Each structure stands twice: as structure tokens, then as C-alpha cells.
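Contents: one structure, followed by commentary.
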Amino acid sequence: MASTGQSAIEFRNVAYQPDGSREILHELNLAVAAGETLILLGRSGSGKTTSLKLINNLVVPSRGEIMVEGRSTRSWDIIQLRRRIGYVIQEVGLFPHFTVERNITLIPRLEHWPADRIQARLKELLALVGLDPELASRHPRELSGGQRQRVGVARALAADPPILLMDEPFGALDPITRADLQSEFAALEKRLRKTVVFVTHDVREALLLGDRIALMEGGRLVALATTAEFLRSTDPLISAYVRSAGGSLHNTALGGER
Amino acid sequence: MSVWHFMVQNRAEVFELTLEHLWLVGISMLFAILIGIPLGILITRWPVLDKPVLGSANIIQTIPSLALFGFLLPAPWFGERADRMAILALTLYALLPLIRNTYVGIRGVDAAVVEAARGMGMTDRQLLFQVELPLALGVIIAGVRVASVISVGLATIAAAIGAGGLGEFIFRGLAMVSDAVILTGAIPAALLALLADFLLGLVEKRLQRV
Ligand SMILES: Nc1ncnc2c1ncn2[C@@H]1O[C@H](COP(=O)(O)OP(=O)(O)O)[C@@H](O)[C@H]1O
Ligand SMILES: [Mg+2]
């Protein structure tokens with residue numbers, strides 16, 4: 001197992017069984033290095049979202065433990081833990097009664113940053129995620145789907161957390177907007193060098209954005225490979241997933257190197 | 001004698017009983033809000049309590065008002081004075097719409113919004129006061145509105161136990177078999193209900209634009 005000192009996140013023999021249900025996550029062992037982007041790839045229902053929520057303690061493991069920055073999530077103060085972890089979900093979950101500005105600056109406000117620092121950070125974030133500053137005074141319902149997701153990313157990055165969790169963030173967007181956001185996010189990742197755990201079922205997205213790809217199936221981690229190895233892998237489970245996902249993946253992989 | 005004539009002749013009493021009526025409704029609504037909204041919030045936090053609490057409030061509301069006054073008569077302290085009893089009964093009746101609307105309003109907040117709020121590290125208190133309550137406020141005000149209108153009507157029954165209010169005219173008119181006297185109580189009561197409905201409707205509309 002990877003040495004704990006280096007890992008930003010580490011799952012140790014983690015299992016999760018919701019109350020009154022069968023176990024849905026089994027024996028998960030996985031270490032995410034600081035600064036890497038790890039993709040959790042798998043079909044719907046394979047346990048990706050549950051694994052992600054274990055990291056920010058929205059879900060509590062029934063067995064094993066999750067170490068974040070070397071400390072078990074059980075011993076972290078939950079609020080402190082979550083403030084160090086940006087969280088972006090497919091449904092975005094923007095606060096409908098807040099303007100874009102209030103949405104993005106929520107955590108800095110809760111952390112009592114001085115007003116001028118908040119304003120400076122807001123400008124910086126809007127530029128970072130490619131949003132027109134004029135949108136700052138709008139409400140979420142006055143934005144397009146792509147703009148909303150940009151706000152969601154900006155909000156998650158607001159207090160500059162070292163870890164970012166993303167759950168199919170671009171899944172609900174139209175193909176063209178999705179491609180835009182994917183390539184912009186790929187560039188953003190390189191600049192920010194955060195530890196990112198990114199959930200998707202889309203092999204192309206995984207190859208474009210990931211350093212390593214963890215393949216999940218039926219609540220288990222079934223394969224782990226670097227993005228470079230992934231397509232060449234002879235692992236039958238990986239080939240099966242790639243085949244079932246279909247598409248001209250080799251072209252995408254080459255295109256992804258531009 | 002015409003209604004108008006009777007009203008003008010007894011305008012001092014009409015005014016006094018209207019104020020008494022407003023006081024009964026106002027005080028009981030205040031208590032109902034102070035009890036009902038926190039109870040509604042509480043049962044979103046402890047879901048095991050939701051059925052018993054909503055069920056009890058529901059049962060109270062099905063008790064006929066005269067019978068409820070009867071039940072309260074032997075209650076210690078409350079039974080001693082008619083206005084206390086009336087306020088207690090009106091408060092109990094107003095609870096259901098307040099508890100239910102608070103509960104439904106909070107539960108109706110988009111799950112993704114709540115998940116994002118928790119995930120980014122809002123405390124329970126911040127989630128409640130900055131996200132859930134503001135987003136549920138329109139529904140909660142709708143509950144206050146319904147409760148107020150019901151309460152204005154029900155408060156006329158308070159006169160049956162001697163608690164005063166516009167019901168005085170109604171019961172006096174019934175005894176005298178005089179439409180004019182009945183209407184002298186009923187018309188202001190109906191106007192009060194319409195006014196409460198209209199004003200709270202305005203507040204509700206303002207909130208729902210958010
Ligand atoms: N709280 C829960 N109670 C019962 N079953 C759950 C719960 N959460 C998730 N599941 C089930 O666990 C499986 C994995 O869910 P999830 O982690 O959301 O998968 P994914 O994100 O890969 O689609 C699914 O079959 C889902 O229905
Ligand atoms: Mg999922």
C-alpha cells in the first residue's frame with residue numbers, strides 16, 4: 001500500500017452498508033496522491049458517488065477508514081474537513097436565493113474574510129472559470145446550464161481548498177458545452193495542481209482529465225491504471241468496459257494529447 | 001332595523017369587539033407561530049417524530065370547536081378565564097398549518113442544494129438559517145395565512161364561552177333572532193378574514209419571486 005505520508009486521500013478496507021440495506025461498497029483500498037487527478041470510472045450504480053461522499057463524510061463508512069491528509073475522517077472536525085474539500089455535483093445545487101456573487105463567496109464569508117479580499121477573490125474566480133463579471137449580480141435561474149456549472153466550480157474553489165471532489169460535473173450539459181468545460185477544466189487542473197477525485201462514466205472524459213483511472217463495478221474497485229496504460233491494458237475488465245462504452249477511443253486519446 | 005343603522009348606533013361596541021377579536025387572533029397566532037415553526041423544524045431533524053406530531057396536530061384540528069372549548073374547561077389555569085381558554089383553543093387550531101407548512105417547506109428544498117451546502121461545510125445552523133428557512137419561507141407564510149383566516153373565523157365561537165370578540169353580536173343576534181345583530185358581528189369578522197388573507201397574500205407573493 002502507498003505510504004500514508006504522501007497520500008492526500010486513502011481508503012483503508014472501506015465498506016459501506018446503508019441502514020436496512022445490503023452492503024453497497026466492499027473492501028475499498030485506494031490511495032490518491034497529493035496533486036494527482038484520480039478518476040472514478042464506472043457504470044451507473046457501481047458505487048462512485050458513495051465512494052466520493054465517504055471522502056467528505058457525507059457518508060460514514062460501516063467498516064474501515066478514510067484518511068484525509070493523514071487523518072481519519074472519524075477524527076476530523078467535519079466542518080473543518082469539508083472546508084478543505086471543494087465539492088461539485090452534476091445537479092450543481094446553486095443557492096437559488098443568492099446571486100452568483102453570494103454563491104461563489106459563501107465559504108469566504110462564512111470564514112469571515114475581509115470584504116476587499118472577498119471581492120478580489122471573486123474577480124479572480126470569475127476569470128478563472130471564464131465567467132463574465134457582469135453575471136455576478138444575476139441569480140442562478142438567469143444562467144445557462146454551462147454558466148451554472150462554471151459558478152459551481154468557482155464556488156468549490158473559492159477558499160482555495162487543496163482537495164476537489166467532482167461528481168459527474170459536466171454530465172447534464174449538452175455535448176458542445178460539455179466539451180468546452182472539459183478542455184477548460186483540463187487546463188485549469190494543470191494550473192491549480194490540486195488533488196482531484198473526479199467521478200464519471202465516460203471513458204473519453206476519464207482519459208482527458210485523469211492521471212490515473214480507478215474502474216469500479218458492483219461496489220468494488222476492479223482495476224487501477226494510469227491514463228497512459230488504460231487503453232493498452234490487457235486487463236479483461238478494463239477492455240470490457242472500454243468496449244461496452246464504445247466509440248473511437250483511440251482517436252480521442254490521441255486528440256487528448258494536443 | 002337595518003344592519004347599517006344598528007352598526008352605526010353601536011359603533012363603539014363594534015369597535016371594541018373588533019379590537020378584542022383582533023387581540024384573540026393576534027395573540028393566539030403569535031403563540032402558534034412561536035410553537036408551530038420550531039416544531040416543524042424539529043420534526044425535519046428528527047424524522048421519527050414527524051408522524052406523531054403531525055398526527056396529533058391533525059387530530060386537534062378535527063375536534064369541533066365548541067367541543068374543544070368544553071374539553072378545555074377543566075384544564076388548570078386555562079379553565080379559570082374565558083379569554084385564556086379561547087387563546088389556547090385558537091392556538092391549538094392554528095398549529096397544524098404552521099407545523100405542516102414549515103415541515104413541507106423545508107423538506108421541499110432541492111436535495112442537491114442541501115447536499116451542496118453540507119458538502120461545502122455549512123454547519124446545521126447555517127444550513128437552516130441561510131438556506132432552508134429562506135427557501136421555505138414562502139410556504140411557511142402560506143401556512144400563517146391559512147391559519148390566520150381560519151383563526152379569525154373560529155374566534156367568533158369564543159363568545160360562546162364568554163371570551164368576547166365579534167362573536168358576541170352573532171350569539172346575541174341568534175338569541176334575539178335578529179339578522180341585523182348577527183350581521184353586525186359577521187360582516188366585520190368576514191372583512192377581517194379577507195384583510196388578513198390579502199395582506200399575507202402580498203407578503204407571500206413577494207417572497208415567491210425569489
Ligand atoms: N443510502 C442508500 N441506501 C440504499 N442503497 C443505496 C444508497 N445509496 C446508494 N445506494 C445504492 O448503491 C449503489 C451505488 O450507488 P452510487 O454510489 O450512487 O453509484 P454511482 O454513483 O456509481 O451511480 C446503487 O445501486 C444505489 O442504488
Ligand atoms: Mg453517481
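Remember, it's a predicted structure, so these values are computed and weren't measured experimentally. In what follows, chains carry the letters A, B, and so on, assigned in the order in which the sequence lines appear, proteins first and then strands, with residues in each chain numbered from 1.
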Residues 29-45 of chain B, side-chain donor-acceptor partners within the protein, below 3.5 Å, at least two apart:
residue	atom	partner	partner atom	Å
B/Thr44	OG1	B/Ile41	O	2.5
B/Arg45	NH1	B/Glu132	OE1	3.0
B/Arg45	NH2	B/Glu132	OE1	2.6

Contact check, side chains of A/Arg82 and B/Arg118, non-hydrogen atoms, under 4.5 Å: yes
Where A/Leu106 and B/Met120 come nearest, the two heavy atoms and their spacing: CD2-CE, 3.9 Å
Minimum heavy-atom distance between A/Tyr87 and B/Gly119, given as atom pair plus value: CD2-CA, 3.8 Å
Residues of residues 73-81 of chain A within contact distance of chain B, non-hydrogen under 4.5 Å: A/Ile79
Close approach to chain B in residues 49-63 of chain A, criterion heavy atom under 4.5 Å: A/Lys53, A/Asn56, A/Leu58
Report, one line per pair, each donor and acceptor closer than 3.5 Å where one atom sits in a side chain of residues 151-163 of chain A; sequence neighbours left out.
residue	atom	partner	partner atom	Å
A/Arg155	NH1	A/Gly93	O	3.1
A/Arg155	NH2	A/Val92	O	3.1
A/Arg155	NH2	A/Gly93	O	3.1
A/Asp160	OD1	A/Lys194	NZ	2.6

Atom of B/Gln130, atom of A/Phe98 and distance for their closest heavy-atom approach: O-CZ, 3.6 Å
Residue A/Arg83 excluded, over 12 heavy atoms near CZ under 6.0 Å: yes
Under 4.5 Å from any heavy atom of chain A - which part of B/Gln126: side chain
When A/Val88, A/Leu94, A/Leu110, A/Ile89 are compared by non-hydrogen pairs under 4.5 Å with chain B, the top option: A/Leu110
B/Ala111 versus chain A, the contacting section by heavy-atom distance below 4.5 Å: neither
Check: B/Asp110 and A/Glu91 side chains under 4.5 Å, non-hydrogen atoms: no
